[in-house]
2 protein chains.
Amino acid sequence: MILTTQRKAMIDELKKLKTHPTADEFYEVIRKKIPKISIASVYRNLDVLSKAGHILKIETSGTQMRFDGDLSRHYHLRCSKCGRLIDFMPKGVDSLEKSVKDLKKRNRNLIDFNIEFSGKCGKCE
Amino acid sequence: MILTTQRKAMIDELKKLKTHPTADEFYEVIRKKIPKISIASVYRNLDVLSKAGHILKIETSGTQMRFDGDLSRHYHLRCSKCGRLIDFMPKGVDSLEKSVKDLKKRNRNLIDFNIEFSGKCGKCE
DNA sequence: TTATATGCAAATTGTTTGCCTAGGC
DNA sequence: GCCTAGGCAAACAATTTGCATATAA
C-alpha cells in the first residue's frame with residue numbers, strides 16, 4: 001500500500017472532521033482539496049486506508065458505511081432526534097469495558113464487540 | 001397496519017427461523033408458503049412489521065438488513081470464521097447490562113444501545 | 001365501498017469493477 | 001521500467017417507488 005499524496009490528503013482531511021462522514025459526504029469534502037478525485041478512488045481508498053489501520057470504518061446503524069479519522073478508543077451515539085453520529089466517551093464507560101473484559105474471560109471464543117448508543121445529542125437535548 | 005394473511009404468515013415463518021435472514025433470504029423461504037409473493041412486499045412488510053413491533057430489524061455488520069422473529073432480550077455474535085449471525089446470551093451478560101443501566105443513570109440523554117459481538121461460533125471453534 | 005395491501009416493473013441508491021492512463025519508487 | 005494507484009464509465013446489489021389491481025374491514 002503506497003501512501004500517495006492523495007491518500008495522505010484523505011487521511012488529513014478525515015482527521016479534521018468530527019462528523020464521521022459517509023463515502024459520498026467525504027467525497028464532497030475532499031473534492032475541495034483534490035477537485036479531480038473520482039468517487040471510485042474515494043471508495044477504494046477509504047477501504048484500503050481502513051484496512052491499513054490509518055482510519056476507522058464504522059459499523060453503524062443505517063445502511064451506509066461511515067469513516068472516522070480518530071483512532072483513539074471511543075464510542076458513538078446516534079442522536080434519536082437529528083440522526084447525527086456523535087463521539088461518546090462518558091464517565092461510566094470504563095465499567096462497561098470491564099464487563100466485556102469479564103465476558104471475554106468466560107467466553108474464550110469471544111473476540112470483540114461493537115456498540116452503538118442511541119439518545120439525544122448535546123445540541124438536541 | 002392490517003395483519004393480512006400474508007403478513008401473519010411472514011411473522012410465523014420468521015419465528016420458525018433461527019438464522020436471522022436477510023430480506024432476499026427470507027423471500028426464498030416465504031415463497032415456499034406464498035409462491036406469488038413479490039420481493040417488494042417482502043421488503044415492505046418486513047419494514048412495517050418491525051415498526052409495529054412484531055419482528056425485529058437487526059442493525060448488523062455487513063451491508064444487508066437482517067430480521068429476527070425472536071423478540072426476547074438477547075444479543076448476537078457474528079462468527080469470524082463462517083460469518084453467520086448467532087444468538088448469544090452468555091453468562092456474564094447481566095453485568096454488562098448493569099453497566100449500561102448505570103451509564104443511563106449518569107447520562108440521562110442516553111436511551112438505548114446496540115451491541116454486536118464477534119468471535120467463533122459453536123460450530124467453528 | 002373505501003382504505004390499505006400487493007404484484008410487477010422500473011427507478012434509485014450505495015458501492016464495486018474493468019480498463020486504460022498516470023504517478024510513485 | 002515496473003508496479004500500484006487513479007479516473008471514468010459501466011456494472012452490480014440491495015432496496016424503494018409508481019401505478020394498477022386485489023383484498024380487508
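Convention: sequence-line order gives letters A, B, ...; per-chain numbering from 1. Hydrogens, waters and symmetry mates play no part in the numbers below; they use all other heavy atoms, side chains included.
- With rounding to whole Å, B:Ile34 atom CD1 is found 13 Å from C:dC8 atom P.
- The distance between atom NE2 of A:His54 and atom C1' of D:dA5, rounded to the nearest whole Å, is 16 Å.
- Checking A:Arg7 against B:Ala23, the closest nucleotide of DNA chain D that is more toward the 5' end is the one next to A:Arg7.
- With contacts defined as side-chain heavy-atom distances shorter than 4.5 Å, the pair A:Met1/A:Leu3 qualifies.
- In A:Lys15, the NZ atom is crowded: over 12 heavy atoms of neighbouring residues, nucleotides or ligands sit closer than 6.0 Å.
- In this structure, the CD atom of A:Gln64 is 8 Å from the C1' atom of C:dT13, given to the nearest Å.
- Of the candidate nucleotides C:dG14, C:dG7, C:dG18, C:dG18 has the atom nearest to the side chain of A:Arg44.
- Not one side-chain nitrogen or oxygen of A:Asn45 sits closer than 4.0 Å to the OP1 or OP2 atom of D:dA5.
- Considering only the side chain of A:Ile37, D:dG7 comes nearest among D:dG7, C:dT6, C:dG14.
- Spacing between atom CD of B:Glu25 and atom P of D:dA14 amounts to 10 Å, rounded to whole angstrom units.
- At the phosphate of D:dT15, OP1 or OP2 sits under 4.0 Å from a side-chain N or O atom of B:Tyr43.
- Nearest to the side chain of A:Gln6, among C:dT6, D:dG6, D:dC8, sits D:dG6.
- A side chain to side chain contact (heavy atoms under 4.5 Å, CB included) with A:His20 is found for one member of A:Thr60, A:Asp70, A:Asp87, A:Leu56 and no other, namely A:Asp87.
- Looking at the side chain of B:Thr4, the nearest of the listed nucleotides C:dG14, D:dA24, D:dG6 is D:dA24.
- Checked against a 6.0 Å centroid threshold, the rings of A:Phe88 and A:Phe117 count as neighbours.
- Remark: C1' of C:dG14 and CZ of A:Phe26 are 17 Å apart, rounded to the nearest angstrom.
- Between A:Arg31 atom CZ and D:dG6 atom P the separation is 17 Å, expressed in whole Å.
- Atom CD1 in B:Ile39 sits about 12 Å away from atom C1' in D:dA13, given to the nearest Å.
- Between the NZ atom of A:Lys51 and the P atom of D:dA5 there is a distance of 13 Å, rounded to whole Å.
- The side chain of B:Ile2 approaches D:dA25 more closely than any other nucleotide in the set D:dA25, C:dT6, C:dG14.
- Contact annotation: A:Ser38 side-chain N/O to D:dG7 OP1/OP2 distance is under 4.0 Å.
- Annotation: side chain of A:Pro90 is in contact with side chain of B:Leu103 (closest heavy-atom distance under 4.5 Å).
- Not one side-chain nitrogen or oxygen of B:Thr5 sits closer than 4.0 Å to the OP1 or OP2 atom of D:dT23.
- Remark: A:Thr63 is not in phosphate contact with C:dG14, judged by side-chain N or O atoms under 4.0 Å from OP1 or OP2.
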